[in-house]
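Since the structure comes first, as structure tokens, the remarks are kept for the end.
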Amino acid sequence: MTVRVRFAPSPTGELHVGGARTALFNWLFARKHKGVFILRFEDTDIERNRPELIEPILESLRWLGLLWDEGPYFQSQRLSLYREWAEKLLKEGKAYKCYCTPEELEAKRTAALAAKQKPKYDGRCRSLTAQEEQNFIREGRQPALRIKIPQSGTIVVEDAIRGRVEFDFSELDDFILLRSDGRPTYNFAVVVDDITMGITHVIRADEHLNNTPKQILIYQAFGHPTPIFAHVPMVLAKDRSKLSKRHGATAVFEFRDRGVLPEALVNYLARLGWSYGDQEIFSKDELIANFSLDAVHPSAAIFDEEKLLWLNQHYLKTGDPQRLGELLRPFLVKLNIMSEAEAQVVPSEKLTQIVVLFRERAKTLTELAEPARYLLTDNFSYDPEAVKKFLTPEKIALLKGLAEALASVEPFTAAELEQATRAYLESQGTALKEIAQPCRVALTGRTAGAGLFETMELMGRERVLARMKSVASLLA
RNA sequence: GCUCCCAUCGUCUAGCGGCCCAGGACGCUGGUCUCUCAAGCCGGAAACAGGGGUUCGAAUCCCCUUGGGAGCGCCA
């Protein structure tokens, strides 16, 4: 039997890292078992639904490289199917019409909660007489459809991550399958979908564990075997609460826009709650080869941005410089280093060189793009502290002399520049140590950066000489 | 309130009865290299929530407590 799994977000928010991890686990499981990864939108909530979010969610998945094999399906387009399936249950006496109004139910619910009771439907419409039903219909009430659950017994969930979990029927009630307007509720739509889509493994967030017995009841009502369930732990914020906007970046797009590489996010998310011995770095193929549900840790995990950034730097350091260089272009614009048109025409060789020179100093593409400001444009500023500390009159004079010494260096490469510089400094009775920082400040405006001579080469003769000669004006 | 889940360094985790006075990684920290900052390399501090059992032996099994989380909707 081929494995069929699904990722089923509801379009009520952007794809956040928790959802992305659930998607990733499903995708890995499908790939590992040569199965099918299905995408389905659970969009039966007309109130909270935001159709404009669908494309961004798809784009997030694409960006992560989690491509689906089937779908996306939309529950909102399958409403007649749910009605048909509900009709079966009604005919077989496994479901019944409930004429209670939402107001009546809500009143009972709050009363139960106030009395510190577990709110449960009291089964009032379970055995209405024909007369009672007639009266309700005459009142114009539209019935919802409820499942008729057994009065006693237990439901056992065999969870691939948590093991055996038992629920007593007394905890459950006759929950609603179809709303009075004919739309399915979540639990019902999920089961009908999972049955009709042939889902073999339901891998989803922990918060659904409590829904599982209800869903199993529906499977049983249809006489259909249940899939294998696997409830993955939640992803929490630093303070152990549910991850939300107030914790900073949570959406996949936010990380992308900050310059995080998809392979870094995927690697990080995979290792969050799952492990394979002591290994930290995984390519996608390694993840696929080694992923398994029983190696998923059952407890909730805190999202640690530091570790994500460490992984990002790893992928920055080891990735293909040319590809990374191309990824830099949008950041040149975003950082206001240059216009979009200018960013388009930066030679890709320049970008590649920036990557090679600065990748060990950057944790994100944003940081990696920053040096382009002084390397490729004159649109940068000098750190006043650095100027004050290093650009003394004595050093400025030395820099002027050095500029002359370097004016005719040919070719203008790091090796030649270093040789010429050292020779000049020796002739002046000084050493590189004395001039390196002043020179760096003169060229870049700052005290931290890549190797001095590599920086010069990349910057080009014209800018280097101009900046070395003109630093005196900074003091004025 | 009731039900369910979870519990090893600050964080992610290894550990599935003796290999553990608990290993790796991020972060933190000392040193080293060096034109700066990084990166790299070498070193350090840092945890089995508490209490009962079971056992010759428990981080590992059981129970209780505590703490965290989720659910209890004509939301998903």
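Note that the structure is predicted; figures quoted are calculated from it, not measured. Below, read A as the first sequence line, B as the second, and so on, with proteins coming before strands; counting in each chain starts at 1. Values below: every heavy atom of this structure, side chains too, minus hydrogens, waters and symmetry copies.
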Under a 3.5 Å cut-off for both distances, is [N] Watson-Crick or wobble paired, and to whom?
N	answer
B:A14	none
B:G43	B:U29
B:C48	none
B:C37	none

Check this one for me: any side-chain N or O of A:H314 less than 4.0 Å away from OP1 or OP2 of B:C26? no
| Counting just side-chain N and O atoms, does A:K317 come under 4.0 Å of either OP1 or OP2 of B:A38? | no
Heavy atoms under 4.0 Å, any strand shown: does [X] hit a base, just sugar-phosphate, or nothing?
X	result
A:F167	sugar-phosphate
A:L452	base
A:G451	base

For [X] and [Y], does a side-chain donor sit closer than 3.5 Å to a side-chain acceptor?
X	Y	answer
A:N267	A:Y315	yes
A:R78	A:T196	yes
A:Q75	A:D43	no

Readout for nucleotides 66-76 of chain B: B = base within 4.0 Å of protein heavy atom, S = sugar-phosphate only, - = neither; 5' to 3' it is ---SBBBSBBB
**Asked** Quick one: the side chain of A:R440 and the base of B:C35, do they pair up donor-acceptor inside 3.5 Å?
**Response**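 Answer is yes: a donor-acceptor pair is held.
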Checklist entry - Tell me: CG of A:L172 to C1' of B:C4, nearest whole Å? => result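 Going from CG in A:L172 over to C1' in B:C4 covers 11 Å.
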Note: for A:I161 and A:E418 on RNA chain B, the residue whose nearest nucleotide lies more 5' is A:I161
5'-most contact on RNA chain B (nearest-nucleotide basis), A:T447 vs A:R271, goes to A:R271
Can you sort out the partners of A:T154 under side-chain hydrogen bond (donor to acceptor under 3.5 Å, both in side chains), two or more places apart, ordered by chain and number?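 A:T154: no side-chain hydrogen bond (donor to acceptor under 3.5 Å, both in side chains) contacts found.
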- Tell me whether the centres of the aromatic rings in A:F291 and A:Y276 are closer together than 6.0 Å.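 No.
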(request) Taking atom CD of A:E404 as the centre, report whether more than 12 heavy atoms of other residues, nucleotides or ligands fall under 6.0 Å from it. (result) no
